[in-house]
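What follows is one structure encoded as structure tokens, with my remarks underneath.
Everything numeric here is computed off the predicted structure, so don't read it as measured data. Letters A, B, ... mirror the listed sequences (proteins, then strands); counts begin at 1.
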Amino acid sequence: MGGEVKAPKIGERAAYSRFTQQELPACKPILTPGWVITTFIFVGIIFIPIGLASLFASERVVEIVYRYDEGCIPTNYSDQKLAYIQNSTTNKTCTRSLIVPKQMKRPVYVYYQLDNFYQNHRRYVKSRSDKQLRSNASEGDTSSCDPEGVAPDKHPIVPCGLIAWSLFNDTYGFLVNNEALEVSKRNIAWKSDQEHKFGSDVYPKNFQSGGLIGGAKLNDTIPLSEQADLIVWMRTAAFPTFRKLYGKIEMDLEANENVTVVIQNNYNTYSFGGKKKLVLSTTSWIGGKNDFLGVAYLTVGGLCLFLAISFILVYVVKPRQSRKKFGLLEKHKDYVVRAQAFHKKEEAYGEKAAFRNPDEFYFKMIKTRTIDGVHKLESQANKYTPEELMLIKTQDIGYVLQKVQVKKRLSGWIDGYGGVWVIYGREMALGFTREEEDGER
Amino acid sequence: MDHGTCNQSDISLLKRRETKHLLKVAVLLNDQIQGCIVRPRQSIAADERIKPLPYSYETKEEERKTKTKTKTKSKEDEAAEEEEERESTMKRFVYINDDELSQDLYCDNRISNRKYTLLNFLPKNLWEQFSRFMNQYFLLIACLQLWSLITPVNPASTWGPLIFIFAVSASKEAWDDYNRYLSDKKANEKEVWVVRQGIKKHIQAQDIHVGNIVWLRENDEVPCDLVLIGTSDLQGLCYVETAALDGETDLKTRVIPPACMGIDFELLHKIKARYSYGVIECPNPDKDIRRFDANMRLFPPFIDNDLCPLTIKNTILQSCYLRNTEWACGVALLNHQFTIFSLFSGNETKLGMSRGIPEPKLTAVDAMIDKLTGAIFVFQIVVVIVLGIAGNVWKDTEARKQWYVLYPKEGPWYELLVIPLRFELLCSIMIPISIKVSLDLVKSLYAKFIDWDYEMIDQETGTPSNATNTAISEDLGQVEYILTDKTGTLTENRMIFRRCCISGIFFGNESGDALKDVELIDAVSSGSPDVIRFLTVMAICNTVIPIKSKSGAISYKAQSQDEDALVQAAARLHMVFVNKNANILEINFNASIIQYEVLDTLEFTSDRKRMSVVVKDCQNGKILLLSKGADEAILPYACSGQQTRTFSEAVEQYSQLGLRTLCLAWRELKEDEYREWSLLFKEANSTLIDREWRLAEVCQTLEHDLEILGVAAIEDHLQDGVPEAIETLRKAGINFWMLTGDKQNTAIQIALSCNFISPEPKGQLLLINGKTEDEVSRSLERVLLTMRITTSEPKDVAFVVDGWALEIALKHYRKAFTELAILSRTAICCRVTPSQKAQLVELLKSCDYRTLAIGDGGNDVRMIQQADIGVGISGREGLQAARAADYSIGRFRFLKRLILVHGRYSYNRTAFLSQYSFYKSLLICFIQIFFSFISGVSGTSLFNSVSLMAYNVFYTSIPVLISVLDKDLSETTVMQHPQILFYCQAGRLLNPSTFAGWFGRSLFHAIVVFVISINAYAYEKSEMEEVSMVALSGCIWLQAFVVALETNSFTVLQHLAIWGNLAAFYIINLLVSALPSSGMYTIMFRLCRQPYYWITVILIVVAGMGPVLALKYFRYTYRPSKINILQQAERLGGPILSLGNIESQSRSIEKDISPLSITQPKNRNPVFEPLLSDSPNSTRRSFGSGTTFDFFQSQSRLSSIYSRNCKDN
């Protein structure tokens, strides 16, 4: 930057404002014991009921979890699970019966739970094309779908990508008392997804037609927006253990009822040791069964109370450093009591003074004199006013000067005596001392 | 846009062209030889050969170019030309008023301070920005992000902020450059009168060529550097104001060179190459605005065609103003020499050069931040390597089994690198991109606060404080040593003549004012010859210019306050210096006018320490040498018969009283002695090389055998508030050194009167003196020994050293002296030169102390530039120091506020801001790292691009920027307890251990956020985008509460920023959630509707903040720092606050304690330790391990008094 040197401009001043002077009114909170302890108690008191409420809600949720990946392998295949699941000819149907522990109010949600399944793996989670899902026009937009972007014949796969390709394909059927329970797939996907993310004019194409078959196949005649299972699957889970909604049973299940489940065990989790579970669950205001929040709230609330109490104890036993000097009892509140008492007295005296009987005897009645209409104590009445004092002082100076003259006349004698009389100031000073000496003599 | 015609290559070209034109001189001379008489050109060549210069140019290419440009050229000259080329490249020749010749010779007068043109703006600016390491790093990261295989998020998340930050600084540059362009344009298009073809013409300033004759009227600004050739004044004088150059507001006289004296006004137009010829030979443009050594030669019809020396006295420089002179004209010379240099770089202009090239200063805080950044960088690399390896292992063992991931069997060659690189990108946010920008921002705000401060405006002159260097405010809070000048800094620099001693008789001793001394007045009226001579020297021996106002009153324009005081005093004693008319001085003594003719002036230099004039008494024709100067520069040269003891005693006595002394002397010269010497002097005066040195030598030959007339003592008042300011700052643990050019005794007296040192029983002064190495060594040893012993005693020990001993000590006993410097809190160095001042600063800096140098005059400039912080006082000695300094203040006492208030706040705020920046970046980065463990170590980002970008740039930077308004303690509290500055000095608020605290906090918060969000949003709620949003809002809430907890004072703005920012987070995210195309469509709406979400967030806040609050409360209450104690006292109205009656007591107690507690370390380690040690308990070395930080002891005593009082109630 050029050679400009900013000279401090004389007289140039910034407009005065509280901001420029850093004097904005500020509140300066301070961590007083009262404040901190109150906060902790308050938090504790709020947290414990909330914790109890969530725990209670979580407890009320009835949940049946049944792991079937191991059990549904026929005994003759128990050594070669992978071969069993990959073989398309084996019978994969597996029928189990579950007992309802408590009454389950409708709707009863049917979930499948996968363990050790990394839907959040980077390679996996990125392998989709939202554009392609949304509209028919960008069918060829499969660049992000690698390696499931295009079929071997170079036609784009719809829906492309690993997520869609690995669509979960186990199916469940439910029988209660040999009557089939209807599992509704309505509203299991997010409405916003169905309306805006998955196009109603996008139909599956070339899906699962390549060399490798991943998961479920899709019906080519149904648009993606209606493929609820796909939409649910495409909402990738953040954790390796997750549940996805399979459907809803719009019927109450009574306690101790026997529900027969017919499972088509198609999905391969055996190669990576993942678990598959079927979950039937009711719901509450906090969602499914999850004790974590309740427990956490109770713990945190309890800890807060504990901290508060221990702070109080510590405060009583060991007061703050800055108040230590006041001794054990010298708390702020003591000070307040004292101050209040003092002010009260002050007020009382004020009142007393106001209602004083003017005729009441007091000593000033006999000890004062009126001088120029002002009452003055007799002892003070004799005192000089400042003006008078001034006058007296000037007279003094006159006196001193006169004395000086006298001394000057005698200076011959003094010169021999003192030897430093040349300077007037000194002479005055010395004159005084001599005078005093004289007086003493 | 074209910006001037000069650039670097042009200038080198110029040099070559000059030589070509020497040839032209030759040609022209040949013309003249035919026409008239002139000396042959060999004479010029001979003159030039006096100092042959070892210079040559080989570049044939360049030569060819110039050849084509020179119009006339004869073959036979070629050999001679080459010869001359070698000899004269260091000089340039200016041909007066030669229109066609100078056209292409040198640059025209167009000023261009611009750094960029439209075309080169982008590349040049980008290049500059990318030369910063941080920017290179971010660019690398941003480039890596373009590789979609490894990028965790959209590249926009890095490119966005990067481009934003670049755009901000680029547009700032562009705006500055545009303003420079506008001001250049204004200067370029100003109209001036120039002689063209013998006629005066009105042209624009940019069209002035070298050699043109420029006419100026009164109050005109000088458009370029000129050599005077004529003025309206008959004596050839003119007055200029150089305020724009050096800030000195007094008028300076400039004279036309003797050769031009008496040239007719009409003739001036006609000085022209063809029939009357003038050439000025001068060195190439340099930076020294106080020197100009050149020669001028005029040819017929001007009779005297001798070489005529030119000095700075004959020039008027660009951007001065012509005053008190009707008109002046001069030859343009060194056109816009300021701006020639500005093309190289901003600091190379003449002004910039004259104050040296200041290195960009790095504050201790900056260094610490850099160090921490480095540490974080290493940590990041470690994380990347560990995770990279883990990722690759996991990939090979686990991911291949996960069929749905479909890993190819054979990857590309770089496959192993992919995962580490992904983590590198994920972790790149660990180093916050915004930190440099926000630091720059807040630093400029600190500087503005200094500029705005009403309490630092000098009410007398209305000078506000100014922070020239906006980047080093934090250092102010970390100052450990203050090196101060005396005159003008501690004192007013308003000199008043107080006493004198004339030939053994003391005047003014009694009344303290010689001017009122009756005896002196009597002596003057009775015409005592000694006194008259003394007064004559006072009145004449100076460079003062009397100016008569219309009413007849005489005012003096003096460059030195001493001279002013002397002349004023002489005038009061009826020796009135009335008029200076060229070389004739008129003195009005007792109503009779005495005239003197000034023959020569032997100017004052700080080496010579005296100045003299040679005058001729017009009455009797005697030639007199009048001298005045420092005692050691005058008394040794007394004539052999004279006793100088009385004078040296007088000097001693006066300096005991803290007065400045000047010795006055004179000598009568014999006619032939003077004439002989005068020749030598003239010769020395016209040398081009080492003129100053040679002049000094010549002067020396005249200044001897002086008859000492007497000693004058001048008083210089202490500035207001200096003792208080020094006392407060010393209490704050700052060590003071006084470096002065004055005498030892004067310095000690001043030091005593401004609380610099304590008088005897409490303080002790140790002297280091000696003239030889041995003596100095012995006295140094002795002082060191005493110092080592007394450091355990409650004594205020200071050492005093004079310039000579210092020179020896620095040269031969540097180690011992360094130890002494470390041991001693206070030092007084007298008789030191500017370079010694700088050396002392350097010495303290080499011991790793933070130094602050404060001064007001030109002799302090080097020290000011050398120190970590330079403070200039814009005082009477001009603005030179203020210009060179980082801060300029009007009065010394403002230093207290500058350090204790501005420095301290700046340090505290930056400490918080920088650590907080790391905290928030680490927080989000740790969450990413944790998440990678549950996402198969594959480098998935939990957060989406928009959130990541906005997190760093908006959500977390706005609240913290407002925290620059935070004040931990009120200003009054700090002023009353300056000891609290210790926290800043020792770097207690920003060091590796505090940083570790923040690091731990971010780790803890990351764990809280992560654990709560993965558990609360498990199973059926485990939806990627929701979880990401929950975690992000957890971070935002936490950081808002962290800022709130760390804020000490909430103003409206802070509330607005912290809570408004939280609200803005939701508003922004709701808006983004409303866009179907965004990744997080409807997410925020969903979350906000769930009570579950709010419960989770509250849990995160309480679980995150609870322990922090509890810990902070615990420390605050039971392990309070001194800051906390003062805070409590201040806000709860404890005993310390009710200072009405306590202050006086506290001071007395403080006085007893201070040498014990803070000031005197018990066992200081002389070996240097790093200022910022790693442990939180680290004490600065000046705080010995045994000493307590003790001022609270005094408070406890006070409060016991207080409590007694309370109980009495």
Item to check | Max heavy-atom pair count under 4.5 Å with chain B, selected residue of L303(A), N268(A), D193(A) | outcome: N268(A)
Checklist outcome for this item: The reported gap from OH in Y267(A) to OH in Y404(B) (rounded to nearest 0.5 angstrom) is 8.0 Å
Next on the checklist: Less than 4.5 Å to any heavy atom of chain B: does that hold for the side chain of F242(A), its backbone, both, or neither?
Outcome noted: both
Checklist entry - Among T236(A), T299(A), D130(A), V300(A), who wins on heavy-atom pairs under 4.5 Å with chain B? => result T236(A)
Checklist entry - Under a 4.5 Å heavy-atom cut-off, does chain B meet the side chain of K131(A), its backbone, both or neither? => result neither
Item to check | side chain to side chain donor-acceptor pair (under 3.5 Å) evaluation trace for Q1054(B) with T1051(B) | outcome: CA-CA 5 Å; Q1054(B) 262 133 346; T1051(B) 64; 3.1 Å; yes
Item to check | Engaged part of K191(A) at the chain B interface, taking heavy atoms whose separation is under 4.5 Å | outcome: backbone
Checklist entry - If you count heavy-atom pairs under 4.5 Å between each of F117(A), F19(A), F47(A) and chain B, which one has the most? => result F117(A)
Checklist outcome for this item: Cut-off 4.5 Å, heavy atoms of chain B, and the answer for Q22(A) is both
Item to check | Contact origin within E1026(B) toward chain A - heavy atom pairs under 4.5 Å | outcome: side chain
Checklist entry - Does the cation-pi check pass for R128(A) over W165(A), that is, NZ or CZ under 6.0 Å from the six-membered ring centre and within 45° of its axis? => result no
Item to check | Toward chain B, the part of L24(A) with a non-hydrogen atom under 4.5 Å | outcome: both
Checklist outcome for this item: Sequence neighbours excluded, the answer for ring-ring contact (aromatic ring centres under 6.0 Å, His included) partners of Y246(A) is Y172(A)
Checklist outcome for this item: Max heavy-atom pairs within cutoff under 4.5 Å with chain B, candidates V279(A), I286(A), I163(A), L245(A), goes to I286(A)
Next on the checklist: Using the rule given for side chain to side chain donor-acceptor pair (under 3.5 Å), can you reason through Y1017(B) versus E1023(B), listing the C-alpha separation, both sets of side-chain angles and the distance that settles it, and then say yes or no?
Outcome noted: CA-CA 8 Å; Y1017(B) 277 76; E1023(B) 202 281 318; over 6 Å; no
Item to check | W35(A), CH2 atom: more than 12 neighbouring heavy atoms under 6.0 Å | outcome: no
Checklist entry - Using non-hydrogen atoms only, which part of D291(A) is less than 4.5 Å away from chain B: side chain, backbone, both, or neither? => result neither
Checklist entry - Could R123(A) and Y407(B) be counted as a cation-pi pair, given that NZ or CZ must be under 6.0 Å from the ring centre and within 45° of the axis? => result yes
Next on the checklist: Could you tell me if T463(B) and D458(B) have a donor-acceptor pair between their side chains, going purely by distance under 3.5 Å?
Outcome noted: no
Item to check | Residue part contacting chain B, namely of I50(A), when any heavy atom lies under 4.5 Å | outcome: side chain
Item to check | Interchain contact, P29(A) with chain B, by part (heavy-atom threshold 4.5 Å) | outcome: both
